[in-house]
Each structure stands twice: as structure tokens, then as C-alpha cells.
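Each remark here refers to the structure printed beneath this line.
Just so it is clear, the model here is predicted, and its values are computed rather than measured.
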Amino acid sequence: MSMGIPEITLNDGLTIPVIGLGTYKLKGNKGVNSILSAIDIGYRLIDSAYNYENEGTVGEAVRRSSIRREELKITSKLPGRYQNYDNAVTTIQESLYRANLDYYDVYLIHWPNPKQDTYVEAWQALIDAKKWGLIRSIGVCNFLPEHIERLEKETGVKPSMNQIELHPYFNQESQRRWHEKHQIITESWSPLARANEVLENDILKQIAEQHNKSISQVILRWHFQLGAISIPKSASFERQLENISIFDFSLNETEMSLISGLTRPDGRINNQDPATYEEF
């Protein structure tokens, strides 16, 4: 446990913090400094992706940090265009070279891209890369239950986590319940719904005032109490500190229900439905 951040154990035994740093758009020296500031504050889980084009930035921050590599949990993700088996293996290796790391703690398939129908062989590549010691834990992003069922049926291995869009306007209740039933951890991307409209919400304002916390802190606490890992992105020291200062208060059942009740049928930020959306 780092700086009071609790940890969660995945179905393959790896433990990771319940809150991490999203790094989308954190690049170059500025990005390195932002990630270093997060590590200094106490973040130990850092989330990246091949398609963010910043694995090198993340790796550089890991190298410059005074925290030992073994204490950090670094995540990256396989892009859709490299899902066939051979390409996936090469891409995982390239991912590691870019970051100058010996292994990733977590590696995820970024999207199922069901029309391409190559996610099962991509998954096989992750399974093998784990056997070779390149990855400690393997999972997916944006997979629907039917995609995950197929992975398990065809390879015998189920993901340790599924990183999905999850925020107060899209609470993913049925998918979360399905994950729980199958011992798969839910990880939330865009946990603050890209923060614009949600930070003006009156219900959230009232709950935040009640606890003398910011709206962001209330939302991140809601994720924690749902049992989901959240990876809010922030470049600023103040915001990073605010985002992990959520373990000294709790939301009651009514407050949890009020926040979950903000969900909308069309709550996705960019209308990216994994049943049809393709990411390359």
C-alpha cells in the first residue's frame, strides 16, 4: 500500500493499486515531469498505450524516478492494427523497447474490433508473452461479455481485468456485475467523464459540499466503492494530489445511488460502442 492507496488482487495473483495515473497526451519532457510528480506523490500504477505514442515518456519517468521499478505497475495496450498473432508478438516487444523496460505489469488488448475478428489470436499472443516473462498480467479493454466468453472458451485463459468507459453518466452496471461474477476486475477509463459537464452537476455539487471534498474526489470515491480501479489523467501536481486524496471519507448508500442514477442510455462520451467501434 503506497501513501494510503489500497490495492486489489487480480485473478492471477498480481496486486495493483485501486487508483492510477492515466497518461493520454502526456508526452516528451513535460510528460515525463508530470508522471514523475505523480510518482513522487504516491501513484504506483501508470497507464499507457501503444497508440498514445508515449511509452517512451513513461519509461523515461520510470528511469528517472527514485522509486524502484518493482514497486511500480506499468500498463500498456495493443492497438487494433496489430492484432494478428505475429504482429501482436512483435508489437509487445516493440512496446517494451520504446519504454526501455524488461516487462509490463499489465498489458491489454485496446479494443475487440469484432469486425476484424482477430482478437482471439491477439489474446493468444498476450498469453504467450506472459509465459515468456514479458508481461505479468494480461487483460482487455472495451470487451463485451460475449467477447470475453469467447477468449476463455478458445484459449482457456480469461482476462485479469477489463478497462471500460465508466463514469457517472455511464455507470456500466450490468457489465460490472458480469465482471464480478467472473472474477474480472473492472478498470474505469475517463472516470471523470473528461470532467467538463459532470463538474457542473448539482447532485454531485451537493454531495461534495456535504463531505467538504471536490466533485472529482466524490466521483473517484464512487469508483472505489463500486470496486473499480480508476485512472484519472492529470498533468498538474495539485490535481494529481487531489485525485488520490479520497481515502479519508466515504459515501453512504444513498449518495452512491444518487451518483449511479446519473447514468444515461447514451452516456458514452464519443459514442464508441465496442460491438461496432473499430480502433486501429
- Task: Using the side chain to side chain contact (heavy atoms under 4.5 Å, CB included) rule, take Val140 and Trp123 through it: C-alpha gap first, then chi angles, then the decisive distance, then the call.
- Result: CA-CA 9 Å; Val140 293; Trp123 184 240; 4.0 Å; yes

Answer yes or no: is there a side-chain heavy-atom contact under 4.5 Å between [X] and [Y]?
X	Y	value
His211	Glu255	yes
Tyr107	Leu96	no
Glu187	Leu108	yes
Ile229	Ile185	yes

Listed partners of [X] passing salt bridge (Lys or Arg N to Asp or Glu O under 4.0 Å), at least two apart:
X	value
Lys25	none
Glu71	Arg68
Lys158	none
Lys30	none

Joint cluster assignment, [X] & [Y], ILVMFWY side-chain distance < 4.5 Å:
X	Y	result
Met161	Leu14	yes
Ile35	Ile41	yes
Tyr104	Tyr97	no
Ile164	Tyr52	no
Ile148	Ile109	yes

Within this structure, what is the [atom1]-[atom2] distance for the pair [X] and [Y], rounded to the nearest 0.5 Å?
X	Y	atom1	atom2	answer
Ser190	Ile231	OG	CD1	8.5 Å
Leu45	Ile39	CG	CD1	11.0 Å
Ile19	Ser230	CD1	OG	3.5 Å

For [X], ring-ring contact (aromatic ring centres under 6.0 Å, His included) partners two or more places apart:
X	answer
Trp178	His182
Trp222	none
Phe237	none

Counting only heavy atoms not in [X], do more than 12 sit closer than 6.0 Å to its [atom1] atom?
X	atom1	result
Glu154	CD	yes
Tyr24	OH	no
Glu253	CD	no
Asp266	CG	yes
Arg69	CZ	yes
Arg98	CZ	yes
Asp248	CG	yes

Going by an N to O cut-off under 4.0 Å, is there a salt bridge joining [X] and [Y]?
X	Y	answer
Glu60	Arg64	yes
Glu242	Lys213	no
Lys77	Asp47	yes
Arg176	Glu173	no

- Message: If you apply the rule side chain to side chain contact (heavy atoms under 4.5 Å, CB included), what do you find for Thr57 with Thr23, and how did you get there?
- Response: CA-CA 9 Å; Thr57 295; Thr23 66; over 6 Å; no

- Message: Walk me through whether Asn142 and Tyr277 qualify under side-chain hydrogen bond (donor to acceptor under 3.5 Å, both in side chains).
- Response: CA-CA 10 Å; Asn142 307 299; Tyr277 180 73; over 6 Å; no

Are any side-chain N or O atoms of [X] and backbone N or O atoms of [Y], one a donor and one an acceptor, separated by less than 3.5 Å?
X	Y	answer
Asn270	Gln272	no
Gln225	Ser250	no
His179	Asn162	no
Asn11	Pro159	yes
Ser236	Arg239	yes
Gln240	Ala38	yes
Ser214	Gln217	yes
Glu200	Glu197	no
Arg264	Tyr169	no
Asn171	Leu166	no

- With respect to Arg136, which candidate in Asp105, Asp12, Asp102 satisfies the salt bridge (charged side-chain N to carboxylate O under 4.0 Å, His left out) definition? Asp105

- Does Leu144 sit in a hydrophobic cluster with other residues, and if so which ones, taking ILVMFWY side chains as linked at heavy-atom separations under 4.5 Å, directly or through other members? none

Cut-off 3.5 Å, side chains only: do [X] and [Y] have a donor facing an acceptor?
X	Y	result
Ser95	Glu55	yes
Thr118	Asn84	no
Gln172	Thr186	no

- Report the residues that fulfil side chain to side chain contact (heavy atoms under 4.5 Å, CB included) with Phe280, sequence neighbours left out, ordered by chain and then residue number. Arg81, Asn113, Gln116, Glu278

- Item | Which residues share a side chain to side chain contact (heavy atoms under 4.5 Å, CB included) with Thr15, sequence neighbours left out | Glu7, Thr9, Lys73

- Query: Given the rule in the side chain to side chain contact (heavy atoms under 4.5 Å, CB included) test, do Ile244 and Tyr43 qualify, once you have shown the distances and angles that lead to the verdict?
  - Reply: CA-CA 8 Å; Ile244 55 168; Tyr43 285 81; 3.3 Å; yes

- Query: Could you give all pairs that pass the salt bridge (Lys or Arg N to Asp or Glu O under 4.0 Å) test and reach residues 106-122, with sequence neighbours left out?
  - Reply: Asp117-Arg150

- What pair of heavy atoms forms the shortest contact from Val58 to Ser48, and how long is it? CG2-CB, 3.9 Å

- Task: Mind jotting down which residue pairs meet the ring pair (Phe, Tyr, Trp, His ring centres under 6.0 Å) criterion with at least one end in residues 145-168? Sequence neighbours excluded, please.
- Result: Tyr119-His147, Phe143-His147

- Would you call the rings of Phe247 and Phe224 parallel, tilted or perpendicular if under 30° counts as parallel and over 60° as perpendicular? perpendicular

